[in-house]
Amino acid sequence: MTAAVTTDIEAVIGLEVHAQLLTQSKMFCGCSAAYLAGAPNSHTCPVCLGLPGALPFANQKAIEYTIRTALALNCEIPEHSKFDRKNYFYPDLPKGYQISQYDLPLSKNGHLDIDVEGQVSRVGITRVHLEEDTGKLIHAGDIHTSTSSLVNLNRCGVPLMEIVSEPDMRTPAQAREYMQRLRQVLVWIGVNDGNLEEGSLRCDANVSVRPRGQKELGVKVEVKNMNSFRAVFMALEHEIQRQSAALANGEEILQETRGWNEGRGVTVGQRSKEYAHDYRYFPEPDLPPLTITRETVDRIRAELPELPAQRAKRFSETLGLSAYDAAQLSADRNLADYFEEVVAGVGTTHAKEAANWVIGDVNRVLKEGEGIAALNVRPGGLAALVLRKLDGTISNNQARDLFAVLVGSGAPVADTTAIDHEIEARGMRQVTDDSQLEAWVDKAIAAQPQAAEDFRGGNDRAVGRLVGAVMQASGGKASGPAVSAMLTRKLRG
Ligand code: ADP
Ligand code: MG
Ligand code: ZN
């Protein structure tokens, strides 16, 4: 008998995401939170430098942003919360401790729904709490051979939110999707800039493996250093393979922190993971406990915008769009707003047409890193353009060409007047005049008697040959919809 090969292994993933909050000032002092601006160590004061005797005070905006986030993630907001000291030594943390939250976080018990290729699942959010960022070490030269390091404390004390998920994910694709949905929500509600590359949004992935069907969780490994969605996916793929092989070979998996080495495509052991009790958490004595009144929670809840998932749902339910289109249009709040304004201009019966334009031609011209807010063709301009296509003034191809030309020109186009002016100026107006059309149509019927006969006999496809003949006779100036209507009237009416 051969030993059972443990191929049926399941991975378990939980993410800890850190998001810097878009506040003006730092978490516990009045220093600017714009840590990339200004000379190294210029955005510092006795509080964020951790000088003895300096007293912290909490940033109210940061607390409100955290509650805003927690509500967007369906969390409960307890009435009582507090800050705690998490003690550890690191050269970029001059205080010797980080002010964080331990047993009374600002929020808990939320969830975020994810959709991987139509498979919807719910990821529990354990908690969203508030803490402060550390400074940054810059190692001179290569990190492995460097003999000196520099420290920049501008980032020290920047408000940092930690969003901890339940170990509810099972695949790297789910983890990537969770990260993408989370980023979408954070950017949408205006609390974070979503920049994984610069580290204002960071992800630590906890992952373990177990034989499928086993209830107990396996020993988890924490993977750090992933600064793109792709890296989250790749690092987890690799780590799951590594752990699965170890499990299959009966090797022990150590609880540790590993770093993702993008260049080599592997995770590398960094340190054995510490436990909560190693940090000697205790209540921060320099800050009063927080009482979050129900009025405050209600106000922040009322200020929340319609969220991306709700927006997508409304788009598909009230405008009849596919789930796929609706999701694309809700990828970004400005894009969704733009689309809705186009729909308002063309009418909801043409929502699908508007969606095709926004997802297609509009999305294509958006420059990398430049949102739709900067696009010169405003929703009113696009709506006017689409209407001129729908009423046959210009053809679909002409509409698309004109759109490209207008975007290229960079000049603002916001309404019907501007669009009509452009159509006129470029001689694009299609002929819809009946007597003129009739001459071309009659000529086409005479030239294509078989097609005319086929169409009269009920063959719809035959109209294509006739329209083609009209287009040829008119030099492309005849309005397609008007020609079709006239052919139908004449041959079938
Ligand atoms: P720690 O105290 O080590 O930070 P936590 O219990 O706070 O551990 O969990 C941290 C993260 O790890 C959470 O996102 C959680 O979902 C995830 N996690 C916990 N246990 C496991 C496990 N066995 N496998 C995978 N992820 C886990
Ligand atoms: Mg933790
Ligand atoms: Zn300061």
Side-chain angles (χ1 to χ4, degrees), residues 11-21 66 69 73 86 88 90 92-93 98 100-102 105 108 110 112 114 123-137 155 158-183 185-186 192 194-209 217-240 242-243 253-262 265-276 278-279 281:
V12 173
I13 304 166
L15 300 187
E16 291 168 287
V17 173
H18 286 92
Q20 282 172 355
L21 292 169
T66 304
T69 304
L73 297 174
K86 181 181 182 181
Y88 68 99
Y90 209 69
D92 60 13
L93 183 73
Q98 177 192 35
S100 180
Q101 299 198 278
Y102 186 49
K108 55 186 189 184
L112 179 65
I114 59 171
V123 178
I125 305 282
T126 316
R127 57 194 276 159
V128 180
H129 76 238
L130 189 51
E131 55 190 38
E132 55 179 337
D133 211 344
T134 59
K136 241 185 146 154
L137 285 182
R155 202 179 66 177
V158 165
L160 195 64
M161 200 163 53
E162 180 169 340
I163 302 157
V164 183
S165 89
E166 288 291 299
D168 287 346
M169 288 160 277
R170 297 291 175 267
T171 64
Q174 284 185 330
R176 178 178 56 196
E177 163 74 5
Y178 168 83
M179 200 53 205
Q180 285 170 331
R181 290 285 81 79
L182 187 57
R183 176 186 184 275
V185 169
L186 298 179
N192 176 264
N195 195 331
L196 275 83
E197 220 159 285
E198 276 176 13
S200 40
L201 183 61
R202 312 195 275 270
C203 168
D204 300 338
N206 297 270
V207 54
S208 61
V209 295
L217 295 175
V219 172
K220 78 169 153 65
V221 166
E222 186 182 32
V223 186
K224 289 181 178 286
N225 286 347
M226 299 151 298
N227 54 10
S228 67
F229 296 120
R230 187 174 165 273
V232 170
F233 181 86
M234 305 270 289
L236 282 169
E237 283 261 282
H238 171 269
E239 183 56 23
I240 290 167
R242 190 189 69 83
Q243 290 184 22
I253 294 162
L254 302 173
Q255 167 152 340
E256 62 176 344
T257 299
R258 298 177 71 88
W260 169 241
N261 184 317
E262 180 101 28
V266 296
T267 61
V268 181
Q270 291 181 329
R271 56 187 151 96
S272 70
K273 170 72 183 169
E274 44 296 279
Y275 293 85
D278 293 331
Y279 293 117
Y281 278 101

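Atom OH of Tyr90 has 12 or fewer neighbouring heavy atoms from other residues, nucleotides or ligands inside a 6.0 Å radius.
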- Worked verdict on Gln174 versus Ile13 for side-chain contact (heavy atoms from CB on, under 4.5 Å): CA-CA 9 Å; Gln174 284 185 330; Ile13 304 166; over 6 Å; no
- Apply side-chain contact (heavy atoms from CB on, under 4.5 Å) to the pair Arg170 and Val12, showing each step before the final yes or no. CA-CA 5 Å; Arg170 297 291 175 267; Val12 173; 3.7 Å; yes
- Applying side-chain contact (heavy atoms from CB on, under 4.5 Å), run through Glu222 and Gln270 and close with a yes or a no. CA-CA 10 Å; Glu222 186 182 32; Gln270 291 181 329; over 6 Å; no
- Task: Could you give me the CA-CA distance, side-chain angles and deciding distance for Asp133 and Arg202, then say whether side-chain contact (heavy atoms from CB on, under 4.5 Å) is met?
- Result: CA-CA 11 Å; Asp133 211 344; Arg202 312 195 275 270; 2.8 Å; yes
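No side-chain heavy atom of Leu236 sits less than 4.5 Å from a side-chain heavy atom of Met169. Using a 4.5 Å cut-off on side-chain heavy atoms (C-beta onward), Ile125 and Glu166 make no contact. Side-chain contact between Tyr178 and Leu15: present, with at least one pair of heavy atoms (C-beta onward) separated by less than 4.5 Å. Considering only heavy atoms from C-beta on, Val123 stays 4.5 Å or farther from Arg181 through its side chain.
His238 places a side-chain N or O within donor-acceptor distance of the main-chain N or O of Thr267, the cut-off being under 3.5 Å. In this structure, the side chain of Gln98 engages the main chain of Glu132 through a donor-acceptor pair within 3.5 Å. With hydrogens and angles disregarded, a donor-acceptor distance shorter than 3.5 Å links the side chain of Asn192 to the backbone of Gln20. Proximity of a side-chain donor or acceptor of Arg127 to a complementary backbone N or O of Pro105 within less than 3.5 Å is not detected. Of the possible donor and acceptor atoms, none in the side chain of Thr134 sits under 3.5 Å from a partner among the backbone N and O of Asp92. A distance-only check finds a donor-acceptor pair linking the side chain of Gln101 to the backbone of Leu130 [under 3.5 Å]. For the pair Asn261 (side chain) and Val266 (backbone), a donor-acceptor distance under 3.5 Å is absent. Of the possible donor and acceptor atoms, none in the side chain of Glu239 sits under 3.5 Å from a partner among the backbone N and O of Ala205.
A side-chain donor-acceptor contact under 3.5 Å links Ser100 and Glu131.
Atom-to-atom distance recorded for Lys224:NZ and Arg258:CZ is 14.0 Å, nearest 0.5 angstrom. The distance from atom OG1 of Thr69 to atom CD1 of Ile163, rounded to the nearest 0.5 Å, is 6.0 Å. To the nearest 0.5 Å, atoms CE (Met179) and CD1 (Ile114) are separated by 13.0 Å.
Across all their heavy atoms, Ser208 and Gly218 have their closest contact at CB-O, 3.5 Å. Smallest separation of non-hydrogen atoms from Asp204 and Met226: CA-CE, 4.4 Å. The two residues Val219 and Ile253 come nearest to each other via the heavy atoms CG1-O, 3.5 Å. Considering all non-hydrogen atoms of both residues, Val223 and Ala235 come closest at CG1-CB, 4.1 Å. The shortest non-hydrogen separation linking Ser165 to Gly14 is OG-CA, 3.5 Å. Listed here is the closest heavy atom pair of Ala19 and Leu201: CB-CD1, 3.7 Å.
Between Arg176 and Glu237, no side-chain nitrogen of the basic residue sits less than 4.0 Å from a carboxylate oxygen of the acidic one, so the salt-bridge criterion is not met.
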